[in-house]
There are 2 protein chains.
Amino acid sequence: MISPAETAACCAPLTAQPLSVEQAEQVAPLLKALADPVRLRLLSLVASRQGGEACICDLNEAFDLSQPTISHHMKVLHEAGLVDRDKRGVWVYYRVRPQALSALAALIGCPVP
Amino acid sequence: MISPAETAACCAPLTAQPLSVEQAEQVAPLLKALADPVRLRLLSLVASRQGGEACICDLNEAFDLSQPTISHHMKVLHEAGLVDRDKRGVWVYYRVRPQALSALAALIGCPVP
DNA sequence: ACAGGACATCGACTCCTGTCAATATAGACG
DNA sequence: CGTCTATATTGACAGGAGTCGATGTCCTGT
């Protein structure tokens, strides 16, 4: 599966020129994947871990949600191209893709702070 | 109405430390408002206009959607704090809030490129 | 005051999404 | 081989979101 994260943000910020229909339909799923409080926390938790990765078991402990729900959210993040999956033995480790996040930020954000 | 855009992004990026529940629930609605292809294009269209503003009538022409639908989307963007409303006579002009966008970008994006 | 136009709101409909319990898969270890 | 444990998938359900047509509101001319 090819993730939309790769092609999402070219160098033209959102506010410079009108987004094409295709661009909008490419970027929206990325934002939609991020637009959930649980997934935001999941992503943040994974990213801020030592080594930058976490397995489902770690995440399950941190949330008051069922294991299938956590698994579902991680799948959404993965299919959007925001996190990588790595199965090692019985455990599955997730790791954020910084390129995807910074590409998104570059698209949304005006040139600078 | 107080917009969540003001307090959404402090200086701590998403990946530096785990987001609190409160932070996540503050940021998610902002992303949700952005996470729609039509709203992305609306925002982009408004932002890239000369003078940085557009009225509903302008937007209606650019989309193949009913006027109530455009009005609805602009309301969503406005309530999220991403655009300002300004009624001048019969027309209502919308204008993007760059601070809101750059705050979001700062939260999502890693320090660099 | 009245008519017309710009925008908002309402009600209804369909599709999508987050959640869970139950079940499946698949690796590790006896 | 069988069992345990970690994760994924499935099915079901309630609530949310995008869309439209109809209607309401408010300003501007005449």
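Naming convention: chains lettered A, B, ... in sequence-line order (proteins, then strands); numbering from 1 in each chain.
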How long is the line joining CD1 of I56(B) and C1' of dT9(C), in whole Å?
-> 13 Å
Under the side chain to side chain contact (heavy atoms under 4.5 Å, CB included) test, residues paired with D84(B) that sit two or more places apart = R97(B)
Can a side chain N or O of H72(B) be found less than 4.0 Å away from OP1 or OP2 on dG18(D)?
-> yes
Between I70(A) (CD1) and dA21(C) (P), how many Å, whole number?
-> 13 Å
R85(B) vs dA8(C): side-chain N/O to OP1/OP2 distance below 4.0 Å | yes
List the atom pairs, donor and acceptor, that lie under 3.5 Å between side-chain atoms in residues 33-44 of chain A and the rest of the protein, sequence neighbours left out.
| from | atom 1 | to | atom 2 | distance (Å) |
| --- | --- | --- | --- | --- |
| D36(A) | OD1 | V38(A) | N | 2.8 |
| D36(A) | OD1 | R39(A) | N | 3.2 |
| R39(A) | NE | A33(A) | O | 2.6 |
| R39(A) | NH1 | H73(A) | ND1 | 3.0 |
| R39(A) | NH2 | K32(A) | O | 3.4 |
| S44(A) | OG | L14(B) | O | 2.8 |
| S44(A) | OG | Q17(B) | O | 2.8 |
| S44(A) | OG | L19(B) | N | 2.8 |

Side-chain N or O of Y94(A) less than 4.0 angstrom from OP1 or OP2 on dA8(D)?
-> yes
Spacing between L59(B) atom CG and dA6(C) atom C1', to the nearest angstrom | 13 Å
Using the salt bridge (charged side-chain N to carboxylate O under 4.0 Å, His left out) rule, collect all pairs that involve residues 42-53 of chain A, keeping only residues at least two apart or in two chains.
-> R49(A)-D58(A), E53(A)-R88(A), E53(A)-R95(A)
D36(B) CG - dG18(D) P separation (whole Å) = 5 Å
K75(B) side-chain N/O to dC7(C) phosphate OP1/OP2 under 4.0 Å | no
In whole angstroms, how far is the C1' atom of dC29(C) from the CH2 atom of W91(A)?
-> 11 Å
What is the bend of the helix from dA1(C)-dT30(D) to dG30(C)-dC1(D) when you compare the axis at one end with the axis at the other, using five pairs each and rounding to 10°?
-> 20°
Answer whether the closest heavy-atom distance between the side chains of T69(A) and F63(A) falls below 4.5 Å.
-> no
Just the table, please: protein N/O against nucleotides 20-26 of chain D N/O, every pair under 3.5 Å.
| from | atom 1 | to | atom 2 | distance (Å) |
| --- | --- | --- | --- | --- |
| dC20(D) | OP2 | S66(B) | N | 2.9 |
| dC20(D) | OP2 | S66(B) | OG | 3.0 |
| dC20(D) | OP2 | T69(B) | OG1 | 2.8 |

Grab the NE2-P distance between H78(B) and dA8(C) for me, whole Å please.
-> 10 Å
Find the distance L31(A):CG to dA17(D):P and express it as a whole number of Å.
-> 16 Å
Side-chain N or O of R88(A) less than 4.0 angstrom from OP1 or OP2 on dG27(C)?
-> no
Specify the separation, in whole Å, of atom NE2 of H73(A) and atom P of dT7(D).
-> 16 Å
Any side-chain heavy atom of V96(A) within less than 4.5 Å of one from L82(A)?
-> no
Nonpolar side-chain network containing Y93(A), other nodes, edges under 4.5 Å = V90(A), W91(A)
V46(B) and L77(B): CA distance, side-chain angles, deciding distance, side chain to side chain contact (heavy atoms under 4.5 Å, CB included) verdict = CA-CA 11 Å; V46(B) 170; L77(B) 288 173; over 6 Å; no
Ignoring backbone atoms, test whether S71(A) places a side-chain nitrogen or oxygen under 4.0 Å from the OP1 or OP2 oxygen of dA8(D).
-> yes
